[in-house]
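To find a chain, count down the sequence lines: A is the first, B the second, and so on, and within it residues start at 1. What's counted below: heavy atoms across the whole structure, side chains too, no hydrogens, waters or symmetry copies.
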Amino acid sequence: MTQRIGFCCKWIDGPSQINGIKQTDTAKEFNTGTTTVTWLKRQRTDVAEQKLWDLMTHNLNSVYKLIERVGGLNEHLRMVRISSDILPVYTEPNFGYFYDQPGVRDYAERKFAEIGRMARLLDVRLSFHPGQFCVLASDRPDVVQRSIEEFEYHAYMAAAMGYGKTFQDFKINVHIAGRAGAEGIRAALPKLSPEARNCITIENEEVSYGIDDCLDLGRDVAIVLDVHHHWVRTGEYILATDDKVKRVESSWRGVRPVIHYSCSREDILGYHDPVVMPDMFALLENGHKKQKLRAHSNFMGNKATNMYVSEFWPTFDIQVEAKGKNLASFALYEEIKNY
DNA sequence: GAGGGTCAAGTCCGT
DNA sequence: ACGGACTTGACCCTC
């Protein structure tokens, strides 16, 4: 099975674009755009609808181009998380109607079908990661209901691309996040569509719910291990040989599992030797707040943690979460491909 | 074009 | 009580 390293949501052409892509940059063509509800509400209806149409058509074309481009990479780099912003304000009460219009929906579904065909043709592994507002395990029923709608928005896009047909043919990853915990996730699952249930994965968090909480759900859903979250939470570099990791692997039922890999920001790691893995307790003693350790680096600059995470690669695809996006995942690949 | 204020939504932490 | 952080800072307005 192909071993993959992927990146998140955006394509950039150079390090300067880490701090934003300019309107005139060609990278715009490979990335989604969005708007705000506030701005839409200030416009006349026809202006707001034109804006949504322009964004939708741009976004569908940009995702197509992105996947085409990723599909041209080395087979080990054919994995990408796609943006949630393809259909802006889809789940917002005042503007969601826009996408119910037949002319709009037909266009979107035709483009999604093309995107999915291209991804399968070029063997690009895809995923989504709904935002922090998608809290399926909230203790508030109204929040659970809106979170299901938000999750189903992602499942709808995946299904329109031709996914959600078999277990984990597409990954839509969320955190437990809510006060109802793992039981809250378990209670929400039967309310999801079959496509959504095929795609959902649950990821361990830095603060509230760790790998043990996720493993409670290992029979229900596939578990995503984020090794950096685990480190922030516990200070431990969990090993690929750990029994918990084996249980994460088996939750994928034979599908090649995915781990998430990120690093603390360079201005924190800079205090450490790049050939020695950062020591969380030493960092905390030196006054670095745990909250700051969570923020992501531009690149994967620590050779020791790169070597550590490469131990997972024979078994797990590696989703790199870095502000350097594709540049960071390419560099990691070059570093670990010969380990 | 650059810079600053703003942005739908949940939850938790630090101050 | 409020700001910041999170899956991805981008966008809009003013100058």
Q: Under the 6.0 Å and 45° cation-pi test, does R117(A) pair with Y163(A)?
A: no
Q: Heavy atoms from C-beta onward define the side chain here; which of dA9(B), dT8(C), dG10(B) lies closest to that of R140(A)?
A: dG10(B)
Q: If the C1' atom of dA2(B) is compared with that of dC6(C), how far apart are they to the nearest Å?
A: 28 Å
Q: I'd like the P distance from dG3(C) over to dG5(B), given in whole Å.
A: 14 Å
Q: For F30(A), is the NZ or CZ atom of R69(A) found under 6.0 angstrom from the centre of its six-membered ring and inside 45 degrees of the ring axis?
A: yes
Q: Regarding H154(A), tell me which of base, sugar-phosphate or nothing describes its non-hydrogen contacts under 4.0 Å with the strands shown.
A: nothing
Q: Rounded to whole angstroms, how far apart are NE2 on H175(A) and C1' on dC6(C)?
A: 7 Å
Q: So is R253(A) actually on top of F167(A)'s ring, under 6.0 Å and inside 45° of the axis?
A: yes
Q: Could you state the atom-to-atom distance from CZ of R146(A) to C1' of dA8(B) in whole Å?
A: 10 Å
Q: To the nearest angstrom, how far is F7(A) atom CZ from dT8(C) atom C1'?
A: 12 Å
Q: If you check every side-chain atom of T38(A), which of dA5(C), dA8(B), dG10(B) has the closest atom?
A: dA8(B)
Q: Give the ring-plane orientation class for H260(A) versus H129(A), where under 30° counts as parallel, over 60° as perpendicular and anything between as tilted.
A: tilted
Q: Quick one: H288(A) NE2 to dG14(B) C1', roughly how many Å, whole number?
A: 17 Å
Q: Tell me whether the side-chain N/O atoms of S84(A) come closer than 4.0 Å to OP1 or OP2 in dT8(C).
A: no
Q: Taking CG from D85(A) and C1' from dC7(B), how many angstroms apart are they, rounded to a whole number?
A: 12 Å
Q: Give T91(A) one of three labels, base, sugar-phosphate or nothing, depending on what nucleic acid heavy atoms sit under 4.0 Å from its own.
A: base
Q: What does E321(A) touch in the nucleic acid at a heavy-atom separation under 4.0 angstrom: a base, only the sugar-phosphate, or nothing?
A: sugar-phosphate
Q: Closer than 4.0 Å, any side-chain N/O of K292(A) to the OP1 or OP2 of dA5(C)?
A: yes
Q: If we take the C1' atom in both dG10(B) and dC11(C), what is their distance in whole Å?
A: 23 Å
Q: Using a heavy-atom cut-off of under 4.0 Å over every strand shown, decide if H260(A) touches base, sugar-phosphate, or nothing.
A: nothing
Q: dT8(C) P sits how many Å from F133(A) CZ, rounded?
A: 14 Å
Q: Write down the distance separating the P atoms in dC2(C) and dT6(B), rounded off to the nearest Å.
A: 16 Å
Q: Can you confirm if the NZ or CZ of K28(A) lies within 45° of the ring axis of W11(A) and under 6.0 Å from the centre of its six-membered ring?
A: no
Q: Assign V89(A) to base, sugar-phosphate, or nothing according to its heavy-atom contacts below 4.0 angstrom with the strands shown.
A: base
Q: Take atom P in dC12(C) and the same atom in dT8(C), then report the distance between them in whole Å.
A: 22 Å
Q: To the nearest Å, how far apart are E149(A) CD and dA9(B) C1'?
A: 12 Å
Q: Between F312(A) and Y308(A), is the ring centroid distance below 6.0 Å?
A: yes
Q: Is there a Watson-Crick or G-U wobble partner for dA9(B) with both distances under 3.5 Å, and if so, which one is it?
A: none
Q: Between atom CD in Q291(A) and atom P in dG4(C), what is the gap in whole Å?
A: 10 Å
Q: Quick one, give me the B/S/- string for nucleotides 9-15 of chain C, reading 5' to 3', where B means a protein heavy atom under 4.0 Å from the base and S means that only happens at the primed atoms, P, OP1 or OP2.
A: SSSSS--
Q: Would you mind checking if K111(A) and E114(A) are paired as a salt bridge, meaning a charged N to carboxylate O distance below 4.0 Å?
A: yes
Q: Give me the atom names and distance for the closest heavy-atom approach of S84(A) to M157(A).
A: O-CE, 4.3 Å
Q: Has R294(A) got a side-chain N or O lying under 4.0 Å from the OP1 or OP2 atom of dG4(C)?
A: no
Q: Remember a base hit wins even if backbone is also touched, and classify K289(A) as base, sugar-phosphate or nothing at under 4.0 Å, heavy atoms.
A: sugar-phosphate
Q: Picking from dC12(B), dC6(C), dT11(B), which would you name as closest to the side chain of A295(A)?
A: dC6(C)
Q: Step by step, work out the side-chain hydrogen bond (donor to acceptor under 3.5 Å, both in side chains) result for S62(A) and N31(A).
A: CA-CA 5 Å; S62(A) 70; N31(A) 292 295; over 6 Å; no
Q: Now, which nucleotide makes the Watson-Crick or G-U wobble pair with dG3(B), with each of the two distances under 3.5 Å?
A: dC13(C)
Q: With C1' as the reference atom in both, quote the distance from dG3(B) to dA5(C) in angstrom, rounded to an integer.
A: 23 Å
